[in-house]
Amino acid sequence: SQQGEEDPQALSIQEGENATMNCSYKTSINNLQWYRQNSGRGLVHLILIRSNEREKHSGRLRVTLDTSKKSSSLLITASRAADTASYFCATSNQAGTALIFGKGTTLSVSS
Amino acid sequence: DAGITQSPRHKVTETGTPVTLRCHQTENHRYMYWYRQDPGHGLRLIHYSYGVKDTDKGEVSDGYSVSRSKTEDFLLTLESATSSQTSVYFCAISESTGLGNTEAFFGQGTRLTVV
């Protein structure tokens, strides 16, 4: 079964608005990663947050991690049409030998 | 872009035939993965490798086998293709996973259609 589950499954917003997507996971983690996938392409790494970190920023991205609730959120501020993509969270399996992805959130940003 | 190449990029095959997909990397990363992506299921792990000749099963390994005889190549074989294996297949590589805190790099994907 998948370790991470994103919520919502789909999100539609206007350019300039903020987009927030969430990820819940089941077991303890060393780190949690977020990836983006543009239509028809492979996944691209966005940001990694370690288990001892609570918040991390990268440009217009802000990621939070709450290990007590086993959840993370990805905030994209001032969204652009180019942010239209699917977003996935990923954690490692319990053995620490493989990356497991959630089903993703599909973000649509309209101009 | 990370040096990771999948071949072929597109393939149509008949039910019952064997199919091999290739993933080649030039990054000397230890870990390699095969995922399939289907609507409504996201990415699901098929098999992965944590070193030469070291492989293990993922969530959806039935009907698939893998081999890794050298660091740079990870082969995925569908022993007898079925229509349920029509999917987009992604290869990924990473230096390490949870313990090493590093990102994964993905190939461009292989679109496989089984008719």
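A, B, ... follow the sequence lines: proteins, then strands. Residue 1 opens every chain.
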Can you tell me if Thr97(A) and Tyr48(B) form a side-chain donor-acceptor pair at under 3.5 Å?
yes
Less than 4.5 Å apart, side chain to side chain, heavy atoms only: is that true for Tyr35(B) and Leu99(A)?
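Sidechains of Leu99(A) and Tyr35(B): in contact.
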Taking the side chain as every heavy atom from C-beta outward, state whether Leu43(B) and Leu43(A) have any atom pair closer than 4.5 Å.
yes
[Y] reachable from [X] in the ILVMFWY side-chain graph, under 4.5 Å edges:
X        : Y        : answer
Val19(B) : Val60(B) : yes
Leu11(A) : Leu46(A) : yes
Val44(A) : Phe88(A) : no

[X] atom [atom1], over 12 foreign heavy atoms within 6.0 Å:
X         : atom1 : answer
Arg111(B) : CZ    : no
Gln9(A)   : CD    : no
Gln14(A)  : CD    : yes

Any chance you could measure Gln37(B), atom CD, to Lys103(A), atom NZ, to the nearest 0.5 Å?
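Interatomic distance, Gln37(B) CD to Lys103(A) NZ, rounded to 0.5 Å: 13.0 Å.
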Nearest heavy-atom pair of Gln33(A) and Glu103(B): which atoms, and what distance?
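Taking every non-hydrogen atom into account, OE1-CA, 3.4 Å.
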Mind running side chain to side chain contact (heavy atoms under 4.5 Å, CB included) on Gln37(A) and Phe90(B) for me, showing each step along the way?
CA-CA 12 Å; Gln37(A) 183 183 32; Phe90(B) 287 99; 3.5 Å; yes
Between the main-chain N or O of Ala104(B) and the side-chain N or O of Tyr35(A), is there a donor-acceptor pair closer than 3.5 Å?
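It does hold such a pair.
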